[in-house]
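Remember, it's a predicted structure, so these values are computed and weren't measured experimentally. Atoms within a ligand are numbered from 1 in the order they appear, just like the ligands themselves.
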Amino acid sequence: MATKRKSDDSTASSASKKPAPFWKNGLKTSMEDPELVVYKDDKITVIKDKYPKARNCVYIYIQAKYHFLVMPKENIPNLKSLTGSHIDLLKYMQRKGKEQADSADETLQFRLGYHAVPSMSHLHLHVISQDFDSLSLKTKKHWNSFTTDYFVDSEEIIDQLEEDGKVSLNTATFQELLKKNLKCHVCKKDFSTMPALKTHIKQHNYRRK
Ligand code: AMP
Ligand code: ZN
């Protein structure tokens, strides 16, 4: 029977000792896909997330919603592979991510950060607008991965590297965050279903102050 695995399940457990399945390397393939690449230089590639948790399209009269991934050219599998020697690269990725957000919509709120336990191989910085208006954002795991401490701000990762020369995240505790009750990221109201939460979040204003 074929293995049922969707590569947009961005919160898979990393506890398994089995060889990495093929879909884990999908980002490296997407770094070469002209349909997805929005910026490229000698250090980094920026792509549109293939299963955006905010929308990458512009609709007339509707706010634009965006989800990009900034990735280094250098082969860096994940946060644990980082050392002090990567600080300048991470700062560059953050700067380019901010530029990408501004060029998409400089009035919309964005967050730039990493999933504590990523599902995909190759280091990737999420640049995501805070409307979360997307058909691909379907599950409690998706929601909690972007709206709880499971989503670690880029600045925090850079601070850790500057202080300790490495990134120390206790991955076991992060899995618990994905099971938390649904909560609006703006007003903190609780919800029992994703459809109710997604209807609710449309009422908030995601413009920068
Ligand atoms: P994570 O590894 O949990 O930090 O998130 C991986 C992100 O990559 C998710 O937001 C997915 O929607 C996205 N994604 C998964 N597969 C691909 C792919 N082949 N190309 C581009 N983006 C992808
Ligand atoms: Zn709310």
Side-chain angles (χ1 to χ4, degrees), residues 5-15 20-40 45-56 65-72 76-82 93 97 109-154 157 167 169 171 174-175 177-178 181-194 196-206:
R5 169 66 175 98
K6 287 239 178 85
S7 54
D8 70 334
D9 182 358
S10 48
T11 50
S13 166
S14 62
F22 74 94
W23 53 261
K24 271 199 168 259
N25 289 318
L27 294 182
K28 285 185 197 157
T29 310
S30 294
M31 282 169 86
E32 307 300 328
D33 182 345
E35 299 269 309
L36 294 177
V37 173
V38 292
Y39 175 83
K40 206 173 205 168
T45 301
V46 184
I47 65 167
K48 288 188 270 190
D49 192 292
K50 203 166 179 178
Y51 311 97
K53 307 307 183 282
R55 228 187 285 147
N56 274 309
K65 333 280 171 154
Y66 302 95
H67 189 181
F68 303 104
L69 302 174
V70 183
M71 291 176 281
I76 304 174
N78 51 44
L79 292 171
K80 285 185 189 154
S81 324
L82 292 170
M93 287 168 62
Q109 289 176 13
F110 279 79
R111 272 184 81 189
L112 284 78
Y114 299 86
H115 277 153
V117 189
S119 58
M120 302 295 284
S121 234
H122 201 76
L123 188 73
H124 48 282
L125 170 66
H126 291 267
V127 177
I128 185 161
S129 61
Q130 292 300 290
D131 47 87
F132 295 118
D133 183 2
S134 162
L135 293 176
S136 298
L137 182 58
K138 295 175 192 149
T139 66
K140 180 190 265 196
K141 273 166 107 181
H142 284 155
W143 180 257
N144 284 337
S145 75
F146 285 101
T147 60
T148 67
D149 290 343
Y150 195 94
F151 190 82
V152 187
D153 284 316
S154 171
I157 296 297
V167 178
L169 299 171
T171 49
F174 284 103
Q175 295 300 341
L177 294 173
L178 299 178
N181 290 340
L182 295 171
K183 210 177 247 310
C184 170
H185 61 313
V186 178
C187 69
K188 311 299 175 204
K189 191 171 174 204
D190 290 311
F191 288 87
S192 51
T193 66
M194 277 303 287
L197 172 63
K198 289 186 76 176
T199 302
H200 168 82
I201 60 176
K202 288 187 202 301
Q203 72 182 245
H204 288 301
N205 173 15
Y206 300 101

Which of the atoms in ligand 1, numbered in the order shown and given with their element, are less than 4.0 Å from a heavy-atom of [X]?
X      : answer
Leu69  : 8 (O), 22 (N)
Gly26  : 19 (N)
Ser30  : 18 (C), 19 (N), 20 (N), 21 (C)
Ile47  : 21 (C)
Ser119 : 1 (P), 2 (O), 3 (O)
His67  : 10 (O)
His126 : 1 (P), 4 (O), 5 (O), 7 (C), 10 (O)

Ring geometry between Tyr206 and His185 (parallel below 30°, tilted from 30 to 60°, perpendicular above 60°): parallel

Minimal non-hydrogen separation, [X] against [Y], with atom names:
X      : Y      : result
Met93  : Leu123 : CE-CD2, 4.2 Å
Met120 : Trp23  : CE-O, 3.0 Å
Lys24  : Pro118 : NZ-O, 4.4 Å

Nitrogen or oxygen atoms of His115 and ligand 1 under 3.5 Å apart: yes

Expected output: side-chain Ser134 to main-chain Pro52 donor-acceptor under 3.5 Å: yes

Interatomic spacing from NE2 in His204 to CD in Gln130 - rounded to 0.5 Å: 12.0 Å

His200 atom NE2 and His204 atom NE2 as seen from the Zn ion (ligand 2), angle to 10 degrees: 100°

Steps toward ring-ring contact (aromatic ring centres under 6.0 Å, His included) verdict (Phe146, His67): CA-CA 11 Å; Phe146 285 101; His67 189 181; 5.5 Å; yes

Proximity to ligand 1 by part of Pro118, non-hydrogen separation under 4.0 Å: both

Proximity to ligand 1 by part of Thr29, non-hydrogen separation under 4.0 Å: neither

Salt bridge (Lys or Arg N to Asp or Glu O under 4.0 Å) between Lys40 and Glu32, intermediate numbers included: CA-CA 10 Å; Lys40 206 173 205 168; Glu32 307 300 328; 3.6 Å; yes

